[in-house]
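To keep things clear, I will list the structure first and then write my remarks on it.
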Amino acid sequence: MEQHHNFINGKWQPAEGGRRYAIRNPAKPDQLLGEFPSSTVADVDAAVSAAAGAAREWARVPGPQRGAILSRFAQLLEASKMELGRIVTLEMGKPLGEAAGEVGRAATEARFSAGEASRLDGHTFASERAGFSCSTVLEPLGVIAAISPWNFPVVAPVRKVAPALACGNTTVLKPASLTPWSAAFIVKLFESAGVPPGVVNLVIGSGGVIGDRLVDDPRVGGITFTGSTAVGVPLNERAARRLAKVQLELGGKNPAVVVDHDDLDGAAREIVSAALQCSGQRCTALSRVIVAENQADALVEKLLAQVNRIKVGDGLDEKTTMGPLSSKSQLETVERYVKLGLEGGAKLLAGGRRLVDDPDREGYFYAPTVFDHVTPDSPLALEEIFGPVLPVIRVRGFEEALEVANSTRYGLAAALFTSKMKYAHAFAETVQAGMIHINHGTASQAHVPFGGVKESGLGAYSIGHTAKDFFTNLKAVYVKWE
Ligand code: NAP
């Protein structure tokens with residue numbers, strides 16, 4: 001079995017002490033995919049030392065030159081679409097088309113970051129005093145710790161490392177334990193693109209073992225974390241002890257509201273796609289449908305028609321439109337919520353069961369699941385399940401729909417399907433979410449700020465021009481020149 005390593009100061013190396021762990025294909029858990037380092041805090045220390053050592057010189061590389069390296073990286077990434085896409089499918093299960101699409105999206109975001117390296121603009125100000133100039137510049141934070149989840153094993157690390165580098169920072173990437181292979185592949189591409197030693201470092205291992213060390217190290221100027229709210233909140237508390245800058249991208253419970261809509265077929269198509277892509281394991285997945293009673297029966301029928309078209313299987317099979325869940329623990333979480341839904345009296349209309357007898361051998365496959373008549377206080381309606389489960393909540397009309405939409409602790413994305421412009425405006429104004437989508441699913445674009453409010457996120461939005469608000473500090477410079 002192939003052995004992979006950490007990347008520290010330009011060298012691929014095993015974890016201190018040599019411990020390793022294996023990852024498995026969630027579609028065929030018998031298949032071991034490779035061995036990866038179980039890093040220790042000593043590896044974190046070495047990686048942070050390497051990043052700190054390289055920080056000054058990298059910050060001095062002119063922005064456009066850093067951008068040129070990132071452009072090369074983006075090209076290499078684009079060219080690896082199918083090869084890296086296949087790795088993504090093998091290690092976390094999403095269908096190959098989705099996985100290759102993710103790589104393409106990451107390349108587009110990297111190209112945007114490459115351009116941003118030439119747009120690190122400041123301002124000049126009129127001076128109160130004669131013979132003075134006053135201006136602001138953006139400067140890097142130094143070392144960035146980038147902690148990423150498994151559901152977007154390519155986009156999430158690239159969305160952190162590329163803008164960090166563009167802004168003149170060095171990085172230590174800690175990918176999810178489930179998806180280290182994609183991360184190692186990406187770091188090889190940074191190396192091939194000409195990123196100098198120490199500028200990008202990779203430490204693979206359990207967040208529970210090495211995460212605190214990374215967060216606590218005073219040489220780490222900023223921590224960008226994407227993952228669950230359960231891990232993100234204590235991480236933020238910890239970082240706050242030393243006032244480290246933090247960017248959190250956390251969970252979601254994203255509503256799809258349907259009220260007075262002329263195109264229920266289109267709405268059902270968009271909702272099911274946004275709900276069940278990646279087996280529902282997307283932070284922006286639509287994970288509750290809130291529909292006005294007068295259109296509920298018709299919409300539910302159309303949702304079921306869409307769900308029935310889904311082909312669950314191995315993501316490498318080209319007929320597959322939905323892969324397995326990414327791990328046994330995700331499968332068990334979904335089963336737990338389905339049980340809660342049934343106990344709470346929701347009406348199961350589709351799915352609600354594993355598709356295999358022995359998931360440990362046959363894969364973590366779960367049927368796409370639809371519940372109707374879910375009450376707004378049900379765990380199905382309030383909590384992030386992160387699986388292929390779509391609860392339908394019936395409401396009297398638009399006002400009640402808004403109330404229900406805002407009734408969770410999350411505020412990431414929200415969609416409205418309506419033919420009435422007045423609802424579109426009221427929805428965009430009233431719904432507590434970082435991203436609002438009218439008449440389409442929750443698909444974001446590669447240059448538009450991305451983030452959430454309430455317990456879905458904290459700090460500057462990632463992607464687009466706001467990324468540099470996190471990856472730089474503002475410095476005011478006064479010069480007396482007379
Ligand atoms: P997770 O369990 O919170 O893990 C995220 C990352 O944090 C992993 O690398 C994990 O390492 C690491 N980690 C775990 N404990 C840590 C600690 N004490 N200190 C520092 N790092 C630690 O989340 P996940 O299950 O990978 O991802 C799914 C979650 O991510 C969902 O809630 C989803 O909504 C959210 N997400 C949000 C966005 C967004 O943009 N808002 C995007 C994608 C995903 P290990 O893997 O080694 O445990």
Side-chain angles (χ1 to χ4, degrees), residues 15 21 23 36-39 41 44 91-92 94 102 105-106 109 145-160 172-183 202-217 220 223-239 244 246-254 277-287 325-330 333 383-387 408-413 433-435 442 444 448-463 467 470:
Y21 73 100
I23 60 165
F36 292 83
S38 295
S39 296
V41 293
V44 170
E91 68 178 352
M92 59 74 66
K94 69 175 70 168
E102 178 183 343
R105 165 65 180 260
E109 290 192 22
I147 303 175
S148 58
W150 48 262
N151 64 332
F152 283 100
V154 177
V155 155
V158 169
R159 186 174 290 175
K160 296 178 182 310
V172 177
L173 171 63
K174 204 301 278 172
S177 295
L178 218 54
T179 54
W181 193 6
S182 304
L202 172 70
V203 181
I204 294 167
S206 158
V209 174
I210 60 177
D212 285 353
R213 188 70 155 213
L214 203 47
V215 173
D216 288 344
D217 195 313
V220 172
I223 301 142
T224 168
F225 171 87
T226 304
S228 61
T229 301
V231 175
V233 170
L235 181 147
N236 185 47
E237 285 168 359
R238 207 170 173 102
V246 167
Q247 179 185 52
L248 301 177
E249 299 188 299
L250 307 176
K253 188 70 188 172
N254 312 296
Q277 258 178 46
C278 198
S279 308
Q281 303 167 119
R282 293 193 312 136
C283 55
T284 52
L286 287 173
S287 50
L325 288 157
S326 296
S327 66
K328 178 98 175 278
S329 88
Q330 283 304 121
T333 300
E383 292 169 26
E384 184 182 51
I385 302 171
F386 228 52
T408 76
R409 62 191 180 120
Y410 295 109
L412 190 55
M435 294 168 284
T442 38
S444 63
V448 180
F450 180 102
V453 298
K454 293 164 80 176
E455 292 185 35
S456 287
L458 185 75
Y461 280 17
S462 61
I463 324 191
F470 172 71

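Indexing begins at 1, ligand by ligand and atom by atom, following the structure's order.
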Would you please say whether a donor-acceptor pair under 3.5 Å links the side chains of Arg105 and Ser444? yes
Name the atoms and distances for all side-chain donor-acceptor pairs under 3.5 Å in residues 173-180, with sequence neighbours left out.
residue	atom	partner	partner atom	Å
Lys174	NZ	Gly205	O	3.0
Ser177	OG	Gly205	O	3.4

What does the 4.0 Å heavy-atom contact list look like for ligand 1? Ile147, Ser148, Pro149, Trp150, Asn151, Lys174, Pro175, Ala176, Ser177, Gly205, Ser206, Gly207, Gly208, Gly211, Phe225, Thr226, Gly227, Ser228, Val231, Leu235, Glu249, Leu250, Gly251, Cys283, Glu384, Phe386, Leu412, Phe450
Can you list, pair by pair, the side-chain donor-acceptor contacts under 3.5 Å of residues 207-216, counting residues two or more places apart and other chains?
residue	atom	partner	partner atom	Å
Asp212	OD2	Arg238	NH1	3.4
Arg213	NE	Asp45	OD1	2.9
Arg213	NE	Asp45	OD2	3.4
Arg213	NH2	Asp45	OD2	2.7
Asp216	OD1	Arg238	NE	2.9
Asp216	OD2	Arg238	NE	3.2
Asp216	OD2	Arg238	NH2	2.7

Scan Thr284, Asn254, Thr442 and name whichever one has a side chain to side chain contact (heavy atoms under 4.5 Å, CB included) with Met435.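 Only one of Thr284, Asn254, Thr442 forms a side chain to side chain contact (heavy atoms under 4.5 Å, CB included) with Met435, namely Thr284.
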Could you tell me which residues satisfy salt bridge (charged side-chain N to carboxylate O under 4.0 Å, His left out) with Glu384, sequence neighbours excluded, listed by chain and number?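 With neighbours one apart ignored, the set is empty.
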For the residue pair Val246 and Ala239, what are the closest heavy atoms and their distance? CG2-CB, 3.4 Å
